[in-house]
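Working notes, beginning with the structure itself.
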Amino acid sequence: MVHEFDAWMDLALAEAREALATDDVPIGAVILSPEGEVLATGRNEREAIKDPTAHAEVVAIRNAVKALEAKGQDDGWRLSDCTLVVTLEPCAMCAGAIVLSRIPKLVFGAWDEKAGACGSVFDIVREPRLNHWVEVYSRVKEEECGDLLREFFRSKRG
């Protein structure tokens, strides 16, 4: 089944594959502008820059804020009307960053049954006690996203 977000997930998967060069877990993210153009990308860089917060989503959010500022569309840190596409369900830290940056739409590929915070283990992005909620689309290219991660961890285990 072709999904409207497949092309964007292909870009996120390309970012994820780039993370392999630095031995980072292959997770990639793309942020789309309100007009549907690629505003920013990110990939896991924890190993590359020795920063535990350098998850693909956080890197992409930081890059998107800079891109909007460079375009003269500076709304501070708010990414209102943007869409985040990421290969794996975001963790609690990333889900919090999504809420705090006011991203209204999240698209992800594979579920993270161990640490996911967008519907599997937790559901931070739709927590009714918070002041911002996120529309979530899951399972976009789920098998391809999951296979990339499974192969990475299989190779680590020998």
Side-chain angles (χ1 to χ4, degrees), residues 3-33 36-71 77-79 82-126 134-158:
H3 193 279
E4 66 178 298
F5 298 114
D6 281 359
W8 305 126
M9 188 59 75
D10 285 339
L11 290 174
L13 280 161
E15 282 294 316
R17 289 183 190 99
E18 290 292 322
L20 294 169
T22 56
D23 206 31
D24 276 287
V25 177
I27 300 171
V30 175
I31 295 184
L32 306 173
S33 73
E37 299 171 353
V38 174
L39 183 60
T41 61
R43 63 181 164 269
N44 272 7
E45 296 182 355
R46 292 184 309 170
E47 300 298 329
I49 65 173
K50 308 297 184 236
D51 178 353
T53 68
H55 289 204
E57 302 93 325
V58 172
V59 172
I61 288 168
R62 289 174 180 158
N63 290 341
V65 170
K66 290 176 189 169
L68 285 175
E69 184 177 35
K71 288 180 160 190
W77 43 265
R78 291 170 188 83
L79 295 176
C82 291
T83 299
L84 171 63
V85 180
V86 63
T87 56
L88 182 66
E89 177 188 5
C91 69
M93 176 186 71
C94 294
I98 292 164
V99 169
L100 292 173
S101 63
R102 306 298 193 265
I103 293 172
K105 190 180 296 184
L106 167 66
V107 178
F108 67 84
W111 289 95
D112 185 348
E113 299 296 334
K114 293 181 180 177
C118 299
S120 60
V121 179
F122 304 105
D123 200 355
I124 292 170
V125 297
R126 292 178 285 206
V134 180
E135 189 176 355
V136 178
Y137 299 86
S138 61
R139 297 188 166 137
V140 176
K141 295 203 163 207
E142 179 179 24
E143 192 169 328
E144 189 174 347
C145 293
D147 286 348
L148 181 61
L149 288 161
R150 282 186 288 277
E151 181 54 38
F152 174 79
F153 287 112
R154 192 174 301 123
S155 72
K156 290 292 179 192
R157 290 185 208 104

*So do Ile103 and Ile61 actually touch side chain to side chain, heavy atoms under 4.5 Å?*
yes
_Within the structure provided, determine whether Thr87 and Glu15 are in side-chain contact (heavy-atom separation under 4.5 Å)._
no
_Cys118 side, atom SG; Tyr137 side, atom OH - distance, nearest 0.5 Å_ = 14.5 Å
*Of all the heavy-atom pairs spanning Leu32 and Gly36, show the shortest one and how long it is.*
CD2-O, 4.3 Å
_Euclidean distance, Leu100 CG relative to Arg78 CZ, rounded to 0.5 Å_ = 11.0 Å
*asked:* Can you tell me how far apart SG (Cys145) and CE (Met9) are? Round to the nearest 0.5 Å.
replied: 4.5 Å
*Find the distance between CD (Glu45) and NE2 (His55) and round it off to the nearest 0.5 Å.*
11.5 Å
*Full working for side chain to side chain contact (heavy atoms under 4.5 Å, CB included) between Leu11 and Val38*: CA-CA 9 Å; Leu11 290 174; Val38 174; 3.6 Å; yes
*Is Arg17 salt-bridged to Glu144, cutoff N-O under 4.0 Å?*
yes
*Give a yes or no on whether the backbone of Glu47 and the side-chain of Thr22 come within a donor-acceptor separation of less than 3.5 Å.*
no
*Could Lys156 and Asp23 be called an ion pair, given the rule that one side-chain N must be under 4.0 Å from one carboxylate O?*
yes
*Answer yes or no: does atom CZ of Phe152 have more than 12 heavy-atom neighbours from other residues, nucleotides or ligands under 6.0 Å?*
yes
*Any chance NZ of Lys114 has more than 12 other-residue heavy atoms, nucleotides or ligands included, within less than 6.0 Å?*
no
*If you look at every heavy atom in Ala56 and Asn44, which pair is closest and at what distance?*
N-OD1, 2.8 Å
_Taking atom CD as the centre, does Glu143 end up with more than 12 heavy-atom neighbours from other residues, nucleotides or ligands that are less than 6.0 angstrom away?_
no
*Has the side chain of Arg150 got a donor or acceptor atom that lies under 3.5 Å from a matching backbone atom of Leu148?*
no
*Could you walk me through whether Val134 and Ile124 pass the side chain to side chain contact (heavy atoms under 4.5 Å, CB included) test, one step at a time?*
CA-CA 9 Å; Val134 180; Ile124 292 170; over 6 Å; no
*Specify the closest pair of heavy atoms between Phe108 and Val136, including all atoms of both residues, with the distance to one decimal.*
CE2-CG1, 3.6 Å
_Measuring from atom CG of Leu106 to atom CD1 of Ile31, what distance do you get when rounded to the nearest 0.5 angstrom?_
10.5 Å
*Looking at Ala19 and Arg43, what are the two nearest heavy atoms and their distance?*
N-CD, 3.5 Å
_Closest non-hydrogen atom pair between Val30 and Ala12, with its separation_ = CG2-N, 3.6 Å
*Salt-bridged, Glu151 to Arg154, with N to O below 4.0 Å?*
yes
*Exam field: side chain Glu57 to backbone Val86, donor-acceptor pair closer than 3.5 Å*: no
*Check Val59 against Gly42 and note the closest heavy-atom contact, atom names and distance.*
CG1-CA, 3.8 Å
*Rounded to the nearest 0.5 Å, what separation is found between the CZ atom of Phe5 and the OG1 atom of Thr83?*
6.0 Å
